[in-house]
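These numbers come from a predicted model, not from an experiment. Counting starts at 1 for both ligands and their atoms, following the listed order.
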Amino acid sequence: MTPDSAKKFVDVHPPVAAALAGGRPVVALESTIVTHGMPFPDNAAMAGRVEAIIEAEGAVPATIAVIDGRLKVGLSPEERDALARTIGAMKLSRADLAFALSEGRTGGTTVAATMIAAALAGIRVFATGGIGGVHKGAETSFDVSADLDELARTPVIVVSAGAKAILDIEKTLEVLETRGVPVVVFGADTVPAFWSRQSPFKAPLRLDEPARIASFFRTRQEIGLSGGMLVANPVPAADEIPAEEMAGYIDAAQKAAAAERVSGKAVTPFLLARLLELTKGASLKTNIALVESNARLAARIALSL
Ligand code: PSU
Ligand code: MN
């Protein structure tokens, strides 16, 4: 698909179009976190706050979603709120993004689908919470997120808090390395584990300034390497849940998923919802804090680019 043939499916929100035309910084945001990752009304509040943070940093936010078969790059506050309230929205990745467009459906875009849309629109920086990765037990379930392949092929910088600790972080790092995806930890020597600042795994690469991340991305493109880059930004210390404490909850959530035979696309939303109950809301509070922190860093990288 060439960007030209894609144009008829895409609505670029006017402030986003103006920023892109003027060469001003834009940060893409995903929407599966809105439709499947958090309950209403926290999802709506989070989506608004994250956009405000990006604006305060001097960049233009572009939340990406599919609404009634239109690929939206940037939403109005009304569209954002309506999406947050939508019941039964699809969860759209590379495999089903075009299905939603062709069938006139509504859905949240995952990291993979948001990267595709961002690249189509000419947006190079994208902020999310956590990426999908290799699930624990993938050696029998084969559950490996399409986000990893997308990082390998689509030229977008994805700012995350690492891979969710519900995943097998070590295997996720192995796959990223195999596919040639740089993993840059921002300001730390170990890979963060989403709700927690630390994991046992050493940072593959470390950079401490947004401008250096922008420069690294530019250099990759200048030497002709295709594909994206993962930035892992540890959750702010004040908001973290220690890894030992999360481990017990994650174990319980995983046992529940196995007992209820949850599979495929339903796994990540199921685990997140179960953790929200088990932590009595603490996991959600941390999730919101880390998305906000990632949005701030993404805006600073976009400004440097
Ligand atoms: N991080 C969150 N909440 C989410 C997700 C990430 O805190 O809902 C979503 C992202 O959209 C990511 C997706 O791309 O989960 C991964 O799903 P899967 O494991 O099915 O590929
Ligand atoms: Mn999966």
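A heavy-atom distance below 4.5 Å is not found between the side chains of Thr35 and Met90. With contacts defined as side-chain heavy-atom distances shorter than 4.5 Å, the pair Val111/Glu150 does not qualify.
Checking side-chain atoms of Thr32 against main-chain N and O of Thr109 turns up a donor-acceptor pair under 3.5 Å. Judged by distance alone, with hydrogens and angles left aside, the side-chain atoms of Ser76 form a donor-acceptor pair with the main-chain N or O of Glu79 at under 3.5 Å. Arg206 contributes no side-chain N or O that, together with a main-chain N or O of Val184, makes up a donor-acceptor pair within less than 3.5 Å. Asn294 places a side-chain N or O within 3.5 Å of a backbone atom of Thr128 that can act as its donor or acceptor partner. The backbone N or O of Glu78 sits nowhere less than 3.5 Å from a side-chain atom of Asp81 that would complete a donor-acceptor pair. No side-chain donor-acceptor contact under 3.5 Å links Asp168 to the backbone of His135. No donor-acceptor pair under 3.5 Å is formed between the side chain of Glu57 and the backbone N or O of Ala299.
The heavy atom nearest to atom 8 (O) of ligand 1, considering only Gly37, Gly264, Ser31, Ala266, is found in Gly37.
The distance criterion of under 3.5 Å between nitrogen or oxygen atoms is not met by Lys265 with respect to ligand 1. In terms of N/O distances under 3.5 Å, ligand 1 is approached by Glu30. For ligand 1, one of its N or O atoms has an N or O atom of Thr268 under 3.5 Å away. Between Gly130 and ligand 1, an N or O atom pair is found at a separation short of 3.5 Å. At least one N/O-N/O distance between Val111 and ligand 1 falls below 3.5 Å.
The protein non-hydrogen atom at the shortest distance from atom 21 (O) of ligand 1 is Ser145 OG, 2.7 Å. The protein non-hydrogen atom at the shortest distance from atom 9 (C) of ligand 1 is Thr32 CG2, 3.9 Å.
Shown are Leu173, Val231, Thr172; of these, the side chain to side chain contact (heavy atoms under 4.5 Å, CB included) with Val183 is made only by Leu173.
Set against the non-hydrogen atoms of His135, the atoms of ligand 1 under 4.0 Å away are 19 (O). Within the listing of ligand 1, atoms 7 (O) sit less than 4.0 angstrom from a heavy atom of Phe194. Listed by number with element, the atoms of ligand 1 under 4.0 Å from a non-hydrogen atom of Asp147 are 12 (C), 14 (O), 16 (C). Annotation for ligand 1: atoms under 4.0 Å from non-hydrogen atoms of Lys91 are 17 (O), 18 (P), 20 (O). Counting atoms of ligand 1 from 1 in the listed order, those under 4.0 Å from a heavy atom of Thr110 are 11 (O), 14 (O). Shown in contact with Asn287 at under 4.0 Å from a heavy atom are these atoms of ligand 1, numbered in order with element: 7 (O).
At a cut-off of 3.5 Å, with distance as the only test, no side-chain donor of Thr190 or Ser199 sits close to an acceptor on the other residue.
Here Lys164 has side-chain heavy atoms under 4.0 Å from ligand 1, and that is the only part of it that gets that close. With a 4.0 Å cut-off on non-hydrogen atoms, Val291 does not touch ligand 1 at all. Residue-level proximity to ligand 1 for Leu272 is carried by the side chain, the only part with a heavy atom below 4.0 angstrom.
Per residue Asp143, closest N, O or S atom to the Mn ion (ligand 2): atom name OD1.
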